[in-house]
Amino acid sequence: MAKKEFSVLNLLDLELEGHNSLHLRCLSGRRGLVRTIQVPDLNRPGLALSGFFDSFAHERVQVFGLGEVSYLRKLEKEKKDVDLRTFFSQEIPCCVFTHDLEPTEQFAKISEEVGCPLLQTSLKSTDFSSRILRVFSNIFAPSQTLHGVLVEVYGVGIILLGDSGVGKSETALELIERGHRLVADDTVEIRCVNGNTILGQGANKIISHHMEIRGLGIINIAQLYGVGAIREQKKVQLVVKLAEWDADKVYDRLGTKQNTTDLLGVKVRLIEIPVRPGRNVPIIIETAAMNERLQSMGYHSARDFNINVLKWIETGDAQAAYYGSEDVY
Amino acid sequence: MKEKLLTVRNRAGIHARPAALIAQTANKFASEILIERGDTVINAKSIMGVITMAAGYNTTLTLRATGSDEEAAVAAIYALFESKFEEE
């Protein structure tokens with residue numbers, strides 16, 4: 001996968017709202033807004049400002065809080081020269097001043113000269129750090145595009161995979177008709193967040209809630225079924241593979257075996273459903289979703305059924321049933 | 001596996017009609033056909049996928065086919081791009 005280019009300008013351009021907003025604005029060094037952020041992490045440059053540059057994490061976003069700024073001001077007042085030239089000679093993506101703090105005159109001047117963007121935010125350093133790390137973990141998360149449909153059924157995120165023409169979109173359409181939600185059709189972008197969660201969404205916001213149904217053409221789900229029938233993104237909890245019925249293949253009849261598949265290094269439960277005319281796939285998927293929820297609550301239909309069967313055989317009531325003398329429920 | 005570079009030659013880029021043409025052509029072949037633009041890879045057999053690429057005029061794409069009829073599939077889709085999707 002190609003490494004993502006993420007510049008400081010992209011960071012300013014992010015459309016984040018409410019408690020996600022970074023409240024960033026650019027103070028100077030606009031020329032450097034094209035600089036890319038290579039390492040999605042932060043650094044407090046206290047040591048570097050005092051002149052110690054060993055192991056200086058210059059490739060990270062440099063955060064200037066109350067401590068760093070008062071140090072700069074103190075030095076400026078005492079007319080002491082800070083080694084700012086050396087500081088800026090390193091490849092720094094950008095400097096961020098929290099608490100709406102203003103950089104010192106000299107600092108702003110040199111940053112403008114070398115073209116290092118200075119950003120300012122009204123947030124506290126701690127808030128800013130946690131927010132930007134969250135943003136980074138989203139942006140730099142490993143991602144992949146899949147050919148399939150992502151739907152939410154009874155709150156379970158299900159991705160339908162299968163060859164072209166097997167009926168993924170038709171199945172999804174019936175699920176929507178039955179009150180479930182469409183996240184994305186055809187091109188689903190999945191991202192691995194925190195190393196254990198797979199989030200899926202449409203690859204393109206403008207066309208993600210449209211579907212192509214053979215014989216009908218392109219339809220707009222949001223307009224047809226209302227805003228309640230769509231969702232922006234959803235955690236992928238189940239992978240359903242649709243395939244043409246293959247008479248030679250042995251399909252799972254009990255459901256005691258748990259199959260999983262690998263999505264970006266995360267194991268996700270996998271169900272293979274054979275498609276054949278007359279098989280109502282949407283209802284099977286609905287049931288799979290409910291079964292999945294039961295299992296996550298600790299109830300496993302197939303396993304518990306087998307435990308009951310074993311108990312029943314052991315008690316000897318099973319034999320009694322043959323004589324019809326007792327009810328054995 | 002067969003690979004070929006494609007260039008969008010019609011002014012309007014790949015909008016709905018060319019996308020439908022590409023998907024229709026791709027569906028005639030048994031091979032798995034993928035089109036790559038930057039770091040997004042899409043299935044050429046899906047109209048919505050092809051539109052998602054938002055490939056404008058002069059965009060370069062990579063076509064990749066794997067399967068028994070890969071040669072023919074690549075040739076057919078390449079011809080489609082060269083004919084400017086019968087638009088101009």
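Just so we're on the same page: letters track the sequence lines, and every chain starts at 1. Values reported hereafter were calculated over all heavy atoms of this structure, with side chains retained and with hydrogens, waters and symmetry mates removed.
- Proximity of a side-chain donor or acceptor of A:T145 to a complementary backbone N or O of B:V41 within less than 3.5 Å is detected.
- With chain B as partner, the option from A:D185, A:D186, A:T187 having the largest number of non-hydrogen pairs under 4.5 angstrom is A:D186.
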Enumerate donor-acceptor pairs with a distance under 3.5 Å from any side-chain N or O in residues 17-29 of chain B to protein atoms, sequence neighbours excluded.
| residue | atom | partner | partner atom | Å |
| --- | --- | --- | --- | --- |
| B:R17 | NH2 | B:F85 | O | 2.6 |
| B:T25 | OG1 | B:L21 | O | 2.6 |
| B:N27 | ND2 | B:A23 | O | 3.1 |
| B:N27 | ND2 | B:K45 | O | 3.3 |

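- For residues 54-70 of chain B, an interface with chain A (any heavy-atom pair closer than 4.5 Å) does not exist.
- Around atom CD of B:E3, more than 12 heavy atoms belonging to other residues, nucleotides or ligands sit under 6.0 Å away.
- The CD atom of A:E212 lies 8.5 Å from the CD1 atom of B:I51; values are rounded to the nearest 0.5 Å.
- For A:I218, the part sitting under 4.5 Å from any heavy atom of chain B is the side chain, from C-beta outward, and nothing else.
- Proximity to chain A is limited to the side chain of B:I42, based on heavy atoms less than 4.5 angstrom apart.
- Both the backbone and the side chain of A:H210 have a heavy atom closer than 4.5 Å to some heavy atom of chain B.
- Residues passing the salt bridge (charged side-chain N to carboxylate O under 4.0 Å, His left out) test with A:R279, sequence neighbours excluded: none.
- Applying the ring pair (Phe, Tyr, Trp, His ring centres under 6.0 Å) test to residues at least two apart or on different chains, none of the pairs has a partner in residues 35-55 of chain B.
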Which is it for B:S46 and A:H147 under the side-chain contact (heavy atoms from CB on, under 4.5 Å) test, yes or no, and what are the steps along the way? CA-CA 8 Å; B:S46 113; A:H147 179 58; 3.1 Å; yes
